[in-house]
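Have a look at the structure below before the remarks.
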6 protein chains.
Amino acid sequence: MRHDQRAADQLRCFKITRGYTQSAPGSVLIQAGRTTVLCTASVDESLPPWLAGQERGWVTAEYNMLPGSTQPRKRRERGGKVDGRTTEIQRLIGRSLRAVVDMQKLGPRQITVDCDVLEADGGTRTTSITGGFIALVDAIRSIEGLAANPLRDSVAAISVGIVDDVPVLDLDYQEDFAASVDMNVVVTGAGQYVEIQGTGEEATFSEDQLAALLILARAGTNQLRDIQCEALASDWPC
Amino acid sequence: MRHDQRAADQLRCFKITRGYTQSAPGSVLIQAGRTTVLCTASVDESLPPWLAGQERGWVTAEYNMLPGSTQPRKRRERGGKVDGRTTEIQRLIGRSLRAVVDMQKLGPRQITVDCDVLEADGGTRTTSITGGFIALVDAIRSIEGLAANPLRDSVAAISVGIVDDVPVLDLDYQEDFAASVDMNVVVTGAGQYVEIQGTGEEATFSEDQLAALLILARAGTNQLRDIQCEALASDWPC
Amino acid sequence: MRHDQRAADQLRCFKITRGYTQSAPGSVLIQAGRTTVLCTASVDESLPPWLAGQERGWVTAEYNMLPGSTQPRKRRERGGKVDGRTTEIQRLIGRSLRAVVDMQKLGPRQITVDCDVLEADGGTRTTSITGGFIALVDAIRSIEGLAANPLRDSVAAISVGIVDDVPVLDLDYQEDFAASVDMNVVVTGAGQYVEIQGTGEEATFSEDQLAALLILARAGTNQLRDIQCEALASDWPC
Amino acid sequence: MRHDQRAADQLRCFKITRGYTQSAPGSVLIQAGRTTVLCTASVDESLPPWLAGQERGWVTAEYNMLPGSTQPRKRRERGGKVDGRTTEIQRLIGRSLRAVVDMQKLGPRQITVDCDVLEADGGTRTTSITGGFIALVDAIRSIEGLAANPLRDSVAAISVGIVDDVPVLDLDYQEDFAASVDMNVVVTGAGQYVEIQGTGEEATFSEDQLAALLILARAGTNQLRDIQCEALASDWPC
Amino acid sequence: MRHDQRAADQLRCFKITRGYTQSAPGSVLIQAGRTTVLCTASVDESLPPWLAGQERGWVTAEYNMLPGSTQPRKRRERGGKVDGRTTEIQRLIGRSLRAVVDMQKLGPRQITVDCDVLEADGGTRTTSITGGFIALVDAIRSIEGLAANPLRDSVAAISVGIVDDVPVLDLDYQEDFAASVDMNVVVTGAGQYVEIQGTGEEATFSEDQLAALLILARAGTNQLRDIQCEALASDWPC
Amino acid sequence: MRHDQRAADQLRCFKITRGYTQSAPGSVLIQAGRTTVLCTASVDESLPPWLAGQERGWVTAEYNMLPGSTQPRKRRERGGKVDGRTTEIQRLIGRSLRAVVDMQKLGPRQITVDCDVLEADGGTRTTSITGGFIALVDAIRSIEGLAANPLRDSVAAISVGIVDDVPVLDLDYQEDFAASVDMNVVVTGAGQYVEIQGTGEEATFSEDQLAALLILARAGTNQLRDIQCEALASDWPC
């Protein structure tokens, strides 16, 4: 039994609010238990310099924890040196979202998905991917004159890990802290892997443990796909 | 008549939500029309180096606009160079809050009030002060063993300006953009000035105009004091 | 009686030297008591990127205290992080000078007014504005082929404050340190306000005190306008 | 058939030179085909600030590509902003090495493993781990007075990927560029996983493909363990 | 004949003003023709971290050109990246001054000599050394309770170069720009070399040319020693 | 007798390996005793911004010590602030190489010579110049369609110094540390000086000592020219 009474394969309560602010075309508040992330997606009709002159578009992401999202307070990353963890996470979010976008169909524009963590209780990177996808859908819907839908599929992510030798799904902060192995898995609506990142910091894991974690992760992302479909309703074909 | 039908001396709709997140002892979502700021206050039981060894405390503030809070998207201030406007604003918020705190009574600890703008529609700095005060109250209430209340008074702030030659209260972004004179006024619950910052960028103003603006500002901060009192209810003596 | 025998409404001794160096078209050494600022104004016949292609010009300012201008020695701001105080001051100087310049008449060029403090004894920001205006006049006079004078008016600035409960004019460092309220006021030759910045750090002020401070400030800027006129002689119509 | 005639499950030629320089206690030149990395391990008898006062040690890694290691020349990372890719790689190397070190037995000292790429032809991060382990062994051997061996196991890493729909082992740059899926796998001498990082940039992969890649990776790291054992000879119990 | 009518071995007019400001114990304005440098020397009764706990002192220097000291305006070095030329110059000034100071006799304190160029017309680094020495003398004189004079000798510096194939002394900017070889020579009052830096950018020089340049430089520094002695009068034993 | 049995005028053993890596057109490993530097030269067919549109080329250099090249480990210069010593050295290398290149004949392209120190035992900057010249030759040889050879001469460099009052050639680290005077001399194959940098940190030197050092340096660079000729064989006319 987990400390919050969940079963090993049970997700926390997920809640998705679209249109949370009006200042960005995609604006989604996603909550997974106490973890709360504001995902906004902005469209820039110009391309980054390294894509200048091309017909294809780009999707990128930025991730940030607000100082008050955790205790003790997290210092702002303003010193010109972005934290290695932050860099890794925002690169992961960007790659995950790009995996389901057809850049030719998006056309010569850039979408930036900003994931700002308002409250952090574990799973902020995977929650950012799951919520960021919804913001991306809304931002793309706001673009006028697209000839075809650039979205090839949906994408969602979840964490799994080994806590007290038991593989569990969707770790909160307390479990994450105690886990010997931590894995983040990104899966499309069609069930294809986009990314697997499994790490045993000062620990290792066997082939059997890997297999058990992947089964949990696929079950979890399946459920998240359904939650995304429900939030998008008629705006997404499920 | 103003573009949103308000009278010249009418505030926008203000809404204050205490305990918006659980991750910081003070956590307040404040909305002024569409302007939305998350103010969290964190307590650090150690002092900044320049106060080391003293018996008094310190209150400081940081201000930040989330990238999606405005369009076009605002670039994150991660390049090691904090924007001059940001620096000015967070110094103003810090000074304003310190004006009502007795640092001896606070004791050797530091409170940081983070004001993160989720949606920006004018007045973000004054809204940060008004909401930051509530977060500060809640953070101070969370400290155990304080001998006396370090708060001497409440504090609130509002913007006034001259738009189309008419002095108006509580400018939104559209009015702010059109204003020839812009003034931010910070006033305590007892009606004392803490700060006046009046600026005519590429414009100037007369003594009569100054007088009219100050009258509007004092009426506005009076109302904000009442709104703060209501939000704090029994936690603040009004 | 003030510590240096001045009356409450008395300025320090002001001295303005035009053409202090030959390396910049405007080069003014201004002294207010011991406070000494070298103001140089340079003309750049290209515009900053954000104004590229426009027909109007721009005036900007930078402020800096030399390390030996104060004791203990002030560390140089070379670490990539310009001090918040410096940023605020140079923004104030820039806005104040721009308030009296017609950017259309200046044409597509930028003037930078550099205010380097050689000795600091209070009032460095207001002295920079008062001296910077003279440097600006000389820089504009050096531009060949201007169809019309871009200067609409003169501008000068002074500090006022409350020291031992008495409102006083033109505070030196010792008074500034002891003041409960500090206010900088920028006024044009015609008597219009450009900027008011009044601050009670860990203190507040009443409506009556505000009124007394403004009267002092206007009398002070009146005298500075006359001192500027004398320095400019036939180069300025007074 | 691969472009360099290798079989799908064939490693490139690996060569390990211990004691390449005398300036660091661990100094290993490792070559994998044309990929060449100099791994040096230095021992610092003091701990980083966040471990101060503890009895346990720490192992960290830094990764860097020399400018001439690739064409066009790679700009040096001196601008105060370390590239996201670099950050990710050096964090991966550090975690991988730490997984086989008993920090209590290492005692209160820090070992830094520097991996400088002299020539880059794909697989630089995995080659850094495989060579870095040898440098780590030599650095630990240089410490006098250790009560017990802090090394619990050996560790090696290899890349696998899907190129033209075929899973292949140990990709060089040309294959890496063409791969739709890229995976780095870190495995201990005993066959336990330390880390799995699989990424489909603008692509995805199925469960079957994942299984095939893992089989290749385990065969490859098995061979690398033997190569490491041979290089270490009597200095390591295989 | 040189463009300003000087003989090949003739110095420009040198003028030294001691006590130029009162804010630093050593404060010297030195002019060499139009080149003008403000040298201030400040005493810090604590040592830099790397000397902590020692009985000896330290002398360091910083060099800076004010933006208006040259045209076009020189950008301030605030971006976190100090210009290579600036770094070289301030290291040269520091080494030159340290060569005549007995650090044991100075005791556990640090003197910083700031050389801020108000107007630049060639020879700013050598003028900084010559003037900086005077500021250093005055700063050392301000220290109370020194058991013995830490100054072993005086030090002065001059530039020489080859312009139109002729070796000349004390180049101004126009000559410096045209020179094929540029050499800075630092010599003590007793005639010992402290530093020689000779450079042929896109040019080279012969043994005979080197000999001719050194003769000019020694004659020049001899004269500067006399000028320094005169400025210091009874405060220095000549 | 020197600590390593060399005569006062004897070079260490020099070894030059061309084509050390294949990733850059010029790639030279140069060893002087234990000092080991990898010099790679890369050709960029575009010019730096400040030369844009010109017909002439540019040669620049960067210098870096790998962390493990010395003990204790040298921290990487990633903090946005390149060390003053590094800046000085890479500027010296660049000037030295440019002195023998005809930029018109090189044409509108830039060559960057990277000197990465793998092991540091004194004389790294002069060894970088001597080895960098060979890498430069190979990079120029790789350019197709040059009308004429841009190289006017060869260039080599050596250090000399005064150790225990004796002038010696080619100091290793132990001698460099003990030297009272340190001088780096850069000389062309034809025997012309390119650069002389002599420094007495906390010491001075006489005219006679200077003369003795220059004789040693010229004998040393003569020998290095022959070593360079041998390494270049038929690729350089000696």
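Convention: sequence-line order gives letters A, B, ...; per-chain numbering from 1. Keep in mind that the numbers below use all heavy atoms, side chains included, and drop hydrogens, waters and symmetry copies.
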Choice from Arg152(D), Glu88(D), Gln209(D) maximising heavy atom contacts with chain A below 4.5 Å | Glu88(D)
Looking only at Thr86(D), Val194(D), Asn184(D), the option with the highest number of non-hydrogen pairs under 4.5 Å against chain A is Val194(D)
Looking at Met183(A), Gln192(A), Arg98(A), which one has more heavy-atom pairs under 4.5 Å with chain D than the rest?
-> Gln192(A)
Which atoms of [X] come close to chain A, meaning under 4.5 Å heavy atom to heavy atom: side chain ones, backbone ones, both, or neither?
{"X": "Ser206(D)", "value": "both"}
{"X": "Leu92(D)", "value": "neither"}
{"X": "Gln90(D)", "value": "neither"}
{"X": "Arg85(D)", "value": "both"}

Can you find a side-chain donor-acceptor pair between Thr199(A) and Glu195(D) that sits under 3.5 Å?
-> yes
Distance-only polar pair, side chains of Tyr63(A) and Thr87(A), donor-acceptor under 3.5 Å | no
Is any side-chain heavy atom of [X] less than 4.5 Å from a side-chain heavy atom of [Y]?
{"X": "Asp114(D)", "Y": "Leu38(D)", "value": "no"}
{"X": "Trp236(A)", "Y": "Gln228(A)", "value": "no"}
{"X": "Asp44(D)", "Y": "Arg109(D)", "value": "no"}

Before accepting this row, confirm whether a basic side-chain N of the pair Asp235(A)/Arg141(A) lies closer than 4.0 Å to the acidic partner's carboxylate O.
-> yes
Are there residues of residues 154-172 of chain D that reach to under 4.5 Å of chain A by heavy atoms, and which ones?
-> none
Locate the shortest heavy-atom distance separating Gly189(D) from Arg225(D); write the atom from each residue and the value.
-> O-NH1, 3.0 Å
If you look at every heavy atom in Gly68(D) and Gln71(D), which pair is closest and at what distance?
-> O-NE2, 4.3 Å
Should we count CD of Glu45(A) as having more than 12 external heavy atoms under 6.0 Å?
-> yes
